[in-house]
Amino acid sequence: MVWKGLALYTNSESPIVVVLSGSMEPAFYRGDLLFLAMPDEPVRVGDICVFKIPGRDVPIVHRVIKLHDERKTGTQYILTKGDNNQVDDRGLYNPGQQWIHQEDIVGKVKGFLPYVGMITIIMNDYPQLKYALIGFLGLYMLINRE
């Protein structure tokens with residue numbers, strides 16, 4: 001319920017994400033927890049956005065480096081790049097795709113907590129640890145009678 005409330009408040013389907021790679025260093029490091037919002041104003045060059053490529057599950061956190069607005073249709077074409085990457089993200093987009101669009105944006109970064117998301121990364125990298133933690137918590141609940 002809290003997640004859905006945050007999603008409504010921030011107007012973002014995913015109000016909190018974890019940075020999974022070092023592509024945005026030194027702005028954000030692997031494991032940083034990002035807070036997102038989808039403001040009413042359009043995306044601008046320099047904004048750090050989280051976007052999803054159609055057909056892929058993992059969102060990407062990168063900076064907007066170039067915009068192109070088509071006057072006839074009002075469509076905004078967005079090009080992104082990780083701060084720590086040498087080239088733009090066209091290699092990450094789907095084959096033949098040169099730009100992303102506003103509907104691909106999940107949210108703009110509004111704040112972050114450094115390294116708080118490392119717990120999520122560790123749990124995904126070492127699933128045995130996740131099961132051990134769940135087992136420990138279950139055992140603790142059975143033993144503790146308060």
* Salt bridge or not for D47 and K110, using N-O below 4.0 Å? ->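 Salt bridge flag = no for K110 with D47.
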* Polar side-chain atom of Q76 near backbone of H68 as donor-acceptor pair, under 3.5 Å -> no
* To do: Keeping the roles fixed (side chain from R30, backbone from L20), state whether a donor-acceptor pair exists under 3.5 Å.
  => yes
Check: [Y] and [X] side chains under 4.5 Å, non-hydrogen atoms:
X	Y	result
P54	D104	yes
D83	E25	no
E13	K52	yes
K108	E41	yes

Non-hydrogen atoms of [X] and [Y] that approach each other most closely:
X	Y	result
A27	R63	CB-NH2, 4.1 Å
D32	Y115	OD1-N, 2.9 Å
I65	V45	O-CG1, 3.8 Å
P15	T10	CB-OG1, 3.5 Å
N84	G22	ND2-O, 3.1 Å
N11	M38	O-CB, 2.9 Å

Hydrophobic clustering (ILVMFWY, side-chain heavy atoms < 4.5 Å, transitive) - are [Y] and [X] grouped together?
X	Y	answer
I122	Y131	no
F35	V106	no
L113	V18	yes
I60	I78	yes
I105	I53	yes

Within this structure, what is the [atom1]-[atom2] distance for the pair [X] and [Y], rounded to the nearest 0.5 Å?
X	Y	atom1	atom2	answer
F51	R56	CZ	CZ	9.5 Å
L142	L137	CG	CG	11.0 Å
S14	L34	OG	CG	10.0 Å
Y29	F112	OH	CZ	9.5 Å
L33	M118	CG	CE	12.5 Å
C49	R44	SG	CZ	10.5 Å

* Does the salt bridge (charged side-chain N to carboxylate O under 4.0 Å, His left out) test come out yes or no for K81 and D89, once each step is laid out? -> CA-CA 5 Å; K81 177 184 171 294; D89 288 343; over 6 Å; no
* Is the W99 ring parallel, tilted or perpendicular to the Y77 ring (thresholds 30°, 60°)? ->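 Aromatic pair W99/Y77 classed perpendicular.
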* Return yes when atom CD1 of I119 has more than 12 non-hydrogen atoms of other residues, nucleotides or ligands closer than 6.0 Å, and no otherwise. =>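 Counting other residues, nucleotides and ligands, CD1 of I119 stays at 12 neighbours or fewer.
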* Please say which of L79, V50, N85 ends up in a side chain to side chain contact (heavy atoms under 4.5 Å, CB included) with H62. =>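 When L79, V50, N85 are each tested with H62, the side chain to side chain contact (heavy atoms under 4.5 Å, CB included) holds only for N85.
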